[in-house]
2 protein chains.
Amino acid sequence: MDTTIEQAVGILRRNQLKITKQRQALIDYLVTYKDHYVAISEVDEHMRTLFPGMSHNTIYRNVKEFETLGLLELKAQANQTLVKYQCDFKHQHHHHFICSNCGKVQELDACPLDAFEAQLPGCTITGHRIEFYGLCADCTAKLGASKSLSK
Amino acid sequence: MDTTIEQAVGILRRNQLKITKQRQALIDYLVTYKDHYVAISEVDEHMRTLFPGMSHNTIYRNVKEFETLGLLELKAQANQTLVKYQCDFKHQHHHHFICSNCGKVQELDACPLDAFEAQLPGCTITGHRIEFYGLCADCTAKLGASKSLSK
DNA sequence: CAGCTAAATCATAATCATTACTATTTAGTT
DNA sequence: AACTAAATAGTAATGATTATGATTTAGCTG
């Protein structure tokens with residue numbers, strides 16, 4: 001068995017969650033999304049081909065449970081929620097570069113938190129999200145686009 | 001009339017959009033959300049008390065049109081889209097600190113774009129979002145919370 | 001390994017934000 | 001005042017997500 005999967009199953013176990021065949025299959029599937037986001041609704045669809053008649057509720061509930069365990073990252077989008085597998089369970093800061101063409105997600109290090117903290121005296125910073133959008137190197141090599149508006 | 005509103009109306013005009021009473025009222029309402037986000041569905045509800053029977057379609061369409069004109073900022077949330085008025089039409093970079101208690105939005109300057117660019121050779125960066133979450137100074141003075149998980 | 005029980009899943013339907021569609025109205029122009 | 005493209009109204013559909021209550025099962029326990 002893949003070490004990544006064993007790790008995930010271990011986390012379930014340590015949190016007293018039962019290892020059902022549905023959860024096992026869900027992990028097996030989500031593990032393939034380490035550097036892309038998938039819509040939960042697509043996960044739902046996939047799971048229901050593996051387990052015809054599987055309840056939507058079960059799928060959505062598990063995805064959210066997995067997120068609170070740190071197994072997944074969720075990301076809100078218009079009308080949809082996206083999921084991505086979280087392979088590095090210990091790494092807390094996640095700054096992403098997301099290719100708007102192919103959807104590939106690249107991790108960035110270097111966190112400029114300090115520079116911003118100084119601007120927020122008296123505040124409690126509990127989290128932050130930094131995301132860049134554009135075209136990854138591969139896609140930059142092939143594409144282009146434009147638009148204009150008067151203001 | 002408020003200068004901010006005149007400015008917005010001017011932008012509509014310059015883009016050949018008609019100044020309907022519905023759009024006028026929509027702007028009047030959204031102008032009150034310069035430092036908070038509101039759910040579009042709440043805007044929808046409000047507009048339909050002002051104009052009973054107003055079409056959902058009209059409200060959602062206008063909000064999206066206003067966004068492409070740069071009048072508004074949209075932000076996806078689980079199952080909802082949030083709107084905030086964009087008062088500074090020329091300012092492009094928007095890094096926010098969002099109080100998770102009262103929802104107040106504070107603008108941050110200082111953009112660490114350069115630091116990240118170096119990590120993405122060959123990529124085209126077309127946009128980015130930086131958001132901090134936590135408690136603003138006022139809320140920090142009153143609150144606290146915690147949670148734990150084993151990994 | 002049979003039985004037990006809380007946890008998980010199923011099956012079905014409801015919610016609710018958002019979008020579609022077509023007929024009617026209106027802002028801005030001529 | 002008439003004209004026309006743009007905007008809105010009115011009605012219904014869509015589709016992601018959630019609720020609910022009955023049934024099943026993973027992981028003990030003896």
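Letters A, B, ... are given to chains in the order of the sequence lines, protein chains preceding strands, and every chain is numbered from 1. All figures in this text were calculated on a predicted structure; none of them were measured in a lab.
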By side-chain contact (heavy atoms from CB on, under 4.5 Å) - contacts of Ala78(B) (at least two apart): none
Counterpart residues, side-chain contact (heavy atoms from CB on, under 4.5 Å), relative to Asn79(B) (two or more places apart): none
Neighbours of DNA chain D within residues 16-23 of chain B, by heavy-atom distance under 4.0 Å: Leu17(B), Lys18(B), Thr20(B), Gln22(B), Arg23(B)
Sequence-distant partners of Arg48(B), side-chain contact (heavy atoms from CB on, under 4.5 Å), two or more places apart: Asp44(B), Met54(B), His56(B), Ile59(B)
Gap between atom CD1 of Ile27(B) and atom CD1 of Ile5(B) - 0.5 Å precision: 7.5 Å
Sequence-aligned protein contact record of nucleotides 17-24 of chain C, with B where the base is within under 4.0 Å of a protein heavy atom and S where only the sugar-phosphate is: SSBBB---
Distance, nearest 0.5 Å, that separates CG of Leu71(A) from CG of Leu12(A): 6.0 Å
Thr58(B) and Gln22(B): side chain donor to acceptor below 3.5 Å: no
Nucleotides bounding contact with chain A, strand DNA chain D, heavy-atom threshold 4.0 Å: dA16(D) to dG27(D)
For Glu65(B), all residues meeting salt bridge (Lys or Arg N to Asp or Glu O under 4.0 Å), sequence neighbours excluded: Arg23(B)
Reported CG-to-CD distance for the pair Leu50(A) and Glu45(A), which is rounded to 0.5 angstrom: 11.5 Å
Five-pair end axes of the helix from dC1(C)-dG30(D) to dT30(C)-dA1(D), angle between them (10°): 30°
ring-ring contact (aromatic ring centres under 6.0 Å, His included) involving Tyr29(A) - partner list, sequence neighbours excluded: Tyr33(A), His46(A)
Reported CG-to-CG distance for the pair Leu74(A) and Leu82(A), which is rounded to 0.5 angstrom: 9.0 Å
Distance in angstrom units between Leu12(B) CG and dA27(C) P, rounded: 14 Å
With Asn57(B) via side-chain contact (heavy atoms from CB on, under 4.5 Å) - residues at least two apart: Ser55(B), Arg61(B)
Residue pair Gln80(A) / Ile40(A), side-chain heavy-atom distance below 4.5 Å: no
